[in-house]
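To keep things clear, I will list the structure first and then write my remarks on it.
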Amino acid sequence: MISPALPELPDGVTVTDLRDLAVRLATAAGVLVREGRPDRVVVAATKSSDVDPVTVMDRASEDLLREMIAAERPDDAILGEEGDDVAGTSGLTWVLDPIDGTVNYLYGVASWAVSVAVVAGPPEPASWTVLAGCVHSVADGRTWSAGLGEGATRDGVPVRVGTPTSLGSCLVGTGFGYDAARRAHQAQVLTQVLPKIRDIRRLGSAAIDLCLLADGSLDLYYERGLNPWDMAAGAVVASEAGAVVTGLRGGPATHAMTVAGPAELVAQLAEILEAADADGASSPEIG
Ligand code: LIP
């Protein structure tokens, strides 16, 4: 996978500097989330549906991330899952998911992460350049990070995508939405995918899924409905580990669909997903 061209960076900062800061941010918020998790987590609010929770810790984690960014890079913009957008003047935007895998955090299912990325250009997946990112798995401390053109690591050790020999041998990560109609459609798509692969894993955190792809613990990943903060850091870790991260029909990865993995197998999976209308291009009413 050839890394995108490096855009001009502001104030002499380097990709390495940004990657180091992303790691410090994600691990600091990870300590807060890990040490502050009560025995019984309560839902503070819901968002897109009554099964799309926000916890007090989602908000506390993002508050800490925002405070640290304001202190270290006050001219950068911020796009976070839980708080208001913050405009910037540097051309860089920090994309924050304070707890990716909130439902897992709520139930105590050990797959939730703090995901921090920094992008250049418009803060939207179809047109941004992700410069650096970190995904810190809170339950077990694993920390993936990547910088544009620098490769990807897990706990400092370089990682590369796996080398599955065929689609039928692939272990594929995916996820499902918070809306019942969306889930019904995703279940239909799954009936077209599952017979053609080894098996599915639905682990509940897109950020961790993309990092597991990066280190060969998953062979492929696809999901419809990811928000920018779900995918930003995991996408740069995966792409710097050799994955193609894309959408369907030759488009970029966006909310409509994210498919990631080795190029040839991504093409085979994308063909199945397109035939199943997995991005809803032919069924916009589902949303
Ligand atoms: C989650 C994603 C996951 C998806 C869930 C949810 P959140 O993000 O990481 O892949 O399947 O529906 O969107 O809401 O926990 O930050």
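Atoms considered below: every heavy atom in the structure, side chains included; atoms not considered: hydrogens, waters and symmetry mates. First listed ligand is number 1; within each ligand, the first listed atom is number 1. These figures come from a predicted structure and were not determined experimentally.
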Name the residue from Asp97, Asp58, Thr55, Asp52 that meets the side chain to side chain donor-acceptor pair (under 3.5 Å) definition with Thr102.
Asp58
May I ask you to decide if Gly177's main-chain N or O and Gln186's side chain share a donor-acceptor pair within less than 3.5 Å?
yes
Mark the output for Asn227 as yes if a heavy-atom distance to ligand 1 is under 4.0 Å, and as no if none is.
no
Would you kindly specify which portion of Ile99 sits under 4.0 Å from ligand 1, judged on non-hydrogen atoms: side chain, backbone, both or neither?
backbone
Of all protein heavy atoms, the one nearest atom 1 (C) of ligand 1 is Asp100 OD1, 3.9 Å
Salt bridge or not between Asp11 and Arg73? Use side-chain N to carboxylate O under 4.0 Å.
yes
Return yes when atom CG of Asp84 has more than 12 non-hydrogen atoms of other residues, nucleotides or ligands closer than 6.0 Å, and no otherwise.
no
Using a 4.0 Å cutoff against the non-hydrogen atoms of Glu81, which atoms of ligand 1 qualify?
14 (O), 16 (O)
Hey, could you give me the CG/CG distance between Leu218 and Leu213, rounded to the nearest 0.5 Å?
6.5 Å
Suppose I only count heavy atoms of Asp97 and a 4.0 Å limit; which atoms of ligand 1 are within that range?
16 (O)
Should Phe176 be counted as touching ligand 1, given the test is an N or O pair under 3.5 Å?
yes
Do Asp209 and ligand 1 have an N or O pair less than 3.5 Å apart?
no
Salt bridge check: are Asp179 and Arg182 linked by an N-O gap of less than 4.0 Å?
no
The reported gap from CG in Asp230 to CG in Asn227 (rounded to nearest 0.5 angstrom) is 5.0 Å
Can you find an N or O of Thr102 that's nearer than 3.5 Å to an N or O of ligand 1?
yes
Location of contacts on Asp230 toward ligand 1, heavy atoms closer than 4.0 Å:
side chain
Give the residue, atom name and distance (to 0.1 Å) of the protein heavy atom nearest atom 6 (C) of ligand 1.
Tyr178 OH, 3.3 Å
Min N/O separation Gly101 to ligand 1 under 3.5 Å:
yes
Note the single closest protein heavy atom to atom 11 (O) of ligand 1, along with its residue, its atom name and the distance in Å.
Glu223 OE2, 2.5 Å
Run Glu82 and Lys47 through salt bridge (charged side-chain N to carboxylate O under 4.0 Å, His left out) and show every step you take.
CA-CA 10 Å; Glu82 308 306 345; Lys47 296 186 293 187; 3.3 Å; yes
Pairing of Arg160 and Glu240 as salt bridge, 4.0 angstrom limit:
no
Which atoms of ligand 1 are found less than 4.0 Å from any heavy atom of Ser205?
9 (O), 10 (O)
So between Gly175, Ala206, Pro98, Ser48, whose heavy atom ends up nearest atom 3 (C) of ligand 1?
Ala206
